[in-house]
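Report on the structure given below.
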Amino acid sequence: MSDGVAELRVTRAASRANVRPMRHALRFFLEALDLAPETIDDVLTAVGEVLANAVEHAYVDGAAGSVELYAHAAGSSMLEIDVKDSGTYIERSARAGRGFGLRIARAIARSVDIDRSGGTHVHLSFDIDQRRRHIRAVK
Amino acid sequence: MSSDSSVAVITLSGELDVGRADEVARALELPSHGTPVLLDLSEVSYADSTVISALFGFSEKATEAKTRIAILIVKPQLVRLLEYAGLGEAFPVFRERSTALTYLHSHE
């Protein structure tokens with residue numbers, strides 16, 4: 001991962017079908033940062049869960065809003081990703097098989113912060129190990 | 001779903017995300033007569049927790065129907081997905097087709 005700053009911003013209508021193109025845009029961005037393939041897969045997995053949750057709220061509120069993905073890499077070890085939408089973050093019910101998205105994201109990212117004032121804003125921070133281009137300390 | 005005389009095979013491939021949730025749910029159907037099922041995910045390049053939800057439902061139905069299932073996963077990211085979710089031991093996952101088939105046949 002080189003020095004300097006790299007940014008990606010993608011906004012799409014909040015639909016299930018739009019999660020894939022947003023994820024693909026993020027993949028291209030991560031590949032341009034020269035990260036290890038396993039790190040790229042892990043980041044896409046974590047962010048993919050947050051994107052999936054973002055589009056699910058759109059249906060609860062009726063009118064579909066939009067979802068914005070913003071990725072920011074600076075220097076050799078910092079990667080921050082934001083997912084914002086106008087819905088309400090759904091805490092999945094305890095029914096078997098649901099509610100794993102946040103757990104998966106937290107297992108991969110250094111931190112996952114959710115701000116629910118005025119829509120939902122999820123901020124993920126990833127530690128990138130510069131030498132091995134891997135995520136540091138996956139729990 | 002395809003089957004030979006002894007095992008039914010359900011194959012899914014590509015990227016299984018929330019956009020394909022309905023398709024995944026429809027695909028995970030049990031055969032009749034309790035034929036063991038191989039769920040072949042060897043060609044799946046990406047999966048999110050949509051698939052985990054579907055696996056729970058499928059696994060429950062199989063248990064109720066006394067049907068043995070085996071899940072073939074090749075891509076390491078999918079194994080990690082289950083581990084990140086704390087489900088590393090929750091499903092009968094196999095990394096090679098031969099061991100999956102041996103498992104499915106071993107109950108007969």
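Order of the sequence lines sets the chain letters (A, B, ...), proteins ahead of strands, with each chain counted from 1. All values below were derived from every heavy atom in this structure, side-chain atoms included, with hydrogens, water molecules and symmetry-related copies excluded.
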Exercise. What part of B:Leu55 lies closer than 4.5 angstrom to a heavy atom of chain A: side chain, backbone, both or neither?
Worked result: neither

Exercise. For the side chain to side chain donor-acceptor pair (under 3.5 Å) test, which of A:Arg9, A:His123, A:His72 pairs with A:Asp82?
Worked result: A:His123

Problem set entry | Region of B:Gln77 in contact with chain A, defined by heavy-atom distances below 4.5 Å | side chain

Problem set entry | Residues, nucleotides or ligands: over 12 heavy atoms within 6.0 Å of B:Glu89 CD | no

Problem set entry | Spatial distance of atom CG (A:Asn53) from atom CG (B:Asp48) [nearest 0.5 Å] | 11.0 Å

For this session: Identify which part of B:Ala90 has an atom lying under 4.5 Å from any heavy atom of chain A, answering side chain, backbone, both or neither.
Result: neither

Problem set entry | Partner residues of A:Glu31 under the salt bridge (Lys or Arg N to Asp or Glu O under 4.0 Å) criterion, sequence neighbours left out | A:Arg27

